[in-house]
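Accompanying notes for the structure given below.
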Number of protein chains: 4
Amino acid sequence: MTDQPVSTELTTRRRDPEARPQQILDAAFHEFGDRGLAGARLDDIAKRAGVAKGTIYLYFPNKEALFREMVRSTLIAAIATAEARRDEAGPNDSAEALIRQLGAGWWAFLRTERVLTLHRLVTGELRQFPDLMAFYAEEVIARGRQLVSGIIARGVQRGEFRAIDPLVAARMYSALWMSHATWVNNRELHPSLGHDAQILDEMLDFYLHSLRPSV
Amino acid sequence: MTDQPVSTELTTRRRDPEARPQQILDAAFHEFGDRGLAGARLDDIAKRAGVAKGTIYLYFPNKEALFREMVRSTLIAAIATAEARRDEAGPNDSAEALIRQLGAGWWAFLRTERVLTLHRLVTGELRQFPDLMAFYAEEVIARGRQLVSGIIARGVQRGEFRAIDPLVAARMYSALWMSHATWVNNRELHPSLGHDAQILDEMLDFYLHSLRPSV
Amino acid sequence: MTDQPVSTELTTRRRDPEARPQQILDAAFHEFGDRGLAGARLDDIAKRAGVAKGTIYLYFPNKEALFREMVRSTLIAAIATAEARRDEAGPNDSAEALIRQLGAGWWAFLRTERVLTLHRLVTGELRQFPDLMAFYAEEVIARGRQLVSGIIARGVQRGEFRAIDPLVAARMYSALWMSHATWVNNRELHPSLGHDAQILDEMLDFYLHSLRPSV
Amino acid sequence: MTDQPVSTELTTRRRDPEARPQQILDAAFHEFGDRGLAGARLDDIAKRAGVAKGTIYLYFPNKEALFREMVRSTLIAAIATAEARRDEAGPNDSAEALIRQLGAGWWAFLRTERVLTLHRLVTGELRQFPDLMAFYAEEVIARGRQLVSGIIARGVQRGEFRAIDPLVAARMYSALWMSHATWVNNRELHPSLGHDAQILDEMLDFYLHSLRPSV
DNA sequence: AATGAATGAGTATTCATTCAT
DNA sequence: TATGAATGAATACTCATTCAT
């Protein structure tokens, strides 16, 4: 508050040595995200991290390990964020209200730079890393679907929604939200897209319409 | 007729020179599809194409040009296939019947090795090639959506479908079909998926439900 | 005379097959002259000769042989030209007149594209070909010097010139003429040079001054 | 003093990093000098310099840049040497004495390995590098001629030399000295050449004879 | 004889990885 | 710990040479 000493922030060296790995992972996230595993250069990662090339090897045995760890940690961070969101939902709300609430949350979440990049990497490069794939599948996909399918199941039970397999409905949800998140990230390719809030409305409208009992 | 030399097939030299570019493009499709632009090795492409490394350079000035041309030609082939499908639909059928018909067609089309690889490349590497992106956007995405939105518009007119923006509905269609196509290609990650025919039913059911007028 | 058939000149093929080697050697002369032995490309030589790449190999076993033969034949042509000039000199003229006459002849000869290129190749690449070097030394250098030293010797005998070793004087002659020929070919580097005729006068004046008896 | 580790010299790593560029340039000088720009191999340059191939790229962006820089630096070194020589001349000596003095100096200088190689490169390859050519022309040629022409002008003024354009005379001087330097470097081709000291005498005798007033 | 597509050894250049400081 | 110069294996690209036609 008062007169902090001429900031150690100015020099990268020796600033908070425990932060080094994270610094590197952050830089790696951007470079790998932009150019892929093969295309990214350790030199650039080091430069972006404000660290010498050799320093990376103090924390990660090689490029591939750095990539893996970067994906892992980003994944974990993403999961944590998503998790935090889950508990915001009031358990007494209607299923539709919950879907709306969750829909808005995921819509914000999925359009995040971090998540979009992760998604690109997953579809692009993760086939070479089956274990990371499995991790992604279990921790992210399955977990997300359970959340949604839980809500749907309750809605079906309550008669709010028509009889539909909650897992199937959860899959449709993923499909709509993830696809649109990707598209808004490449608006040049999809000029007919409205603004983000409007898209969310369109998805919710479409999705809920399909779930409502057809009288 | 009698006495034709059998050996002609033994050597690549001079055997069917017009086939060479396509041969190379096919090999490139697989290697680039597996490892991406940076990861693929010209050497492997040559080996797979059954030609010498230098031969590639007889037809393509460099690796990037080969990549571009491979994407372009695959795209064009994909468009042609999709195009052919369009005209199969009988114009007097109900909109729902058309959607079902088209839905089955695209479901088969999108799960094609060629299309899946293309999709992976588009999401993974095409950001580095804005012109290819534009080509993809105009020729593939826009074209496909027009086809679907035309059907929807007719359904809305006829009162078969509820009032919905046909372009929006077309987007929802893309989202469902493309996402599921990607997923069935990675079944390890999505163990809850049923068999392909079942998934198509699930999608059609979900999609049409949302379009039907809510009495 | 009348109505010659649509000129065979138009197509390179089949036009005077015995001329092929010379055609190739001419093209080689230019390409090697411009880019040196290593820098020249057989492809370009073939193109310039209006011949397919493979054709070169019908007449020359490889690139180096082509280079050697090109140098040899150019050398021989150059020698023949120089030789022809020798006999023009009237044997009864004064030594000074002969020097002037020869000086003008060599001045024209040395500034020839062919000779200049030859000279460049000799200084640049010929160290790798000792036998060509020897050939050059004996046939060109020695021969030229003998011609000059013969004239000088007669001039000394007659008292027209001071007592000087005719071979030494011949060397000085070479030095002046060859250096200036190189320089006028690179006038950008030697902006103080006058026009060609003037340079010849300067050289003759300087040269003869040194040979005249100092009373 | 006592006990200094001897081993430091054993490895190239980290041994005197500032010396690396010069080390490489020296090696480049020899390889380019022997085989020309196209003929020299980076691999050989590295080997001769005692470094790994990659190390070259730490200091020079590519082969051509290495070539340019090698020529430039050699040129500069040559100019420095020549410059140093200029000031040795005592200003009160006769013009003839100065010419003799300078003549001996340049004779030694031009026969230097460094200068001979430079000359070969200039005539052989420098046409592809107009800017280097210009540099050479201005810094080396023009500079050298001014030095000589200054002496001649003084000699003419004093009546020591006949009336001759000093720049022309300086050119004749270059022609004699440079040609002979080249020749003694290829004695096989010029078997009639005497030993070096004798040649110098021959040149001085010939040159001064031409400058002396013809009574 | 002539062609030019095909070959593959050769070379410049890049970049992950090491290591002396 | 941290550095960044040095390494050398890997790879894109070139071009002399071959050979089926």
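Throughout, protein chains are lettered first and strands after them, A, B, ... in sequence-line order, and every chain is numbered starting at 1. What you see below is based on every heavy atom in this structure, not just the backbone, and it leaves out hydrogens, waters and symmetry mates. If you're wondering where the values come from, they're calculated on a predicted model, not measured in any experiment.
- Annotation: cation-pi geometry not satisfied between B/R114 and B/F29 (NZ/CZ under 6.0 angstrom from ring centroid, within 45° of ring axis).
- Phosphate proximity of F/dA2 to A/R20: present, with a side-chain N or O under 4.0 Å from OP1 or OP2.
- Comparing E/dT13, E/dT3, F/dG8 by their closest approach to the side chain of D/Y57 singles out E/dT13.
- Listed pair D/R41 / E/dG10 fails the phosphate criterion, with no side-chain N or O lying under 4.0 Å from OP1 or OP2.
- Using a cut-off of 4.0 Å between Lys/Arg side-chain N and Asp/Glu carboxylate O, B/R48 and B/E31 are scored as salt-bridged.
- A donor-acceptor contact under 3.5 angstrom links the side-chain atoms of A/K53 to the base of E/dT17.
- Of the two residues contacting DNA chain F, namely D/T55 and C/G39, the nearest-nucleotide position lying further toward the 5' end is that of D/T55.
- With rounding to whole Å, A/D43 atom CG is found 13 Å from F/dT3 atom C1'.
- Not one N or O on the side chain of C/T55 forms a donor-acceptor pair closer than 3.5 Å with the backbone of C/V51.
- Atom CG of C/N62 is separated from atom P of E/dG10 by 15 Å (rounded to the nearest Å).
- Along DNA chain E, the nucleotide nearest to C/G54 and the one nearest to D/G54 differ in position, and the one closer to the 5' end is contacted by C/G54.
- To the nearest angstrom, C1' of E/dA16 lies 10 Å from CD1 of A/I56.
- Of the candidate nucleotides E/dT11, F/dT3, F/dC13, F/dT3 has the atom nearest to the side chain of A/A52.
- The base-pairing partner of F/dA2, taking Watson-Crick or G-U wobble contacts with both distances under 3.5 Å, is E/dT21.
- Between the P atom of F/dA10 and the CG atom of B/D44 lies a distance of 13 Å, rounded to the nearest Å.
- Of the nucleotides present, none pairs with E/dA1 by Watson-Crick or G-U wobble criteria with both distances under 3.5 Å.
- Between the CZ atom of C/F67 and the P atom of F/dA16 there is a distance of 14 Å, given to the nearest Å.
- Checked against F/dA6, E/dA1, F/dA16, the side chain of C/Y59 finds its nearest nucleotide in E/dA1.
- Regarding A/K63, its NZ atom lies at a distance of 12 Å from the C1' atom of F/dA10, rounded to whole Å.
- Distance alone, capped at 3.5 Å, is enough to place a donor-acceptor pair between the C/K63 side chain and the C/A40 backbone.
- As judged by a 4.0 angstrom heavy-atom cut-off over every strand, B/A40 is placed among residues touching the sugar-phosphate backbone only.
- Taking atom NZ on A/K47 and atom C1' on E/dC15, their separation rounds to 12 Å, with Å as the unit.
- Contact between C/L121 and C/M70 at its shortest, heavy atoms only, is CD1-CE, 3.7 Å.
- In this structure, A/A38 and B/A38 approach most closely via the heavy-atom pair CB-CB, 3.7 Å.
- Within the shown strands, F/dA16 is the pairing partner of E/dT7 under the Watson-Crick or G-U definition, both distances less than 3.5 Å.
- Taking atom CG of B/L58 as the reference point, atom C1' of F/dC15 lies 11 Å away to the nearest angstrom.
- Residue-level contact check: B/L42 touches the backbone only, with heavy atoms under 4.0 Å from sugar-phosphate atoms and none from bases.
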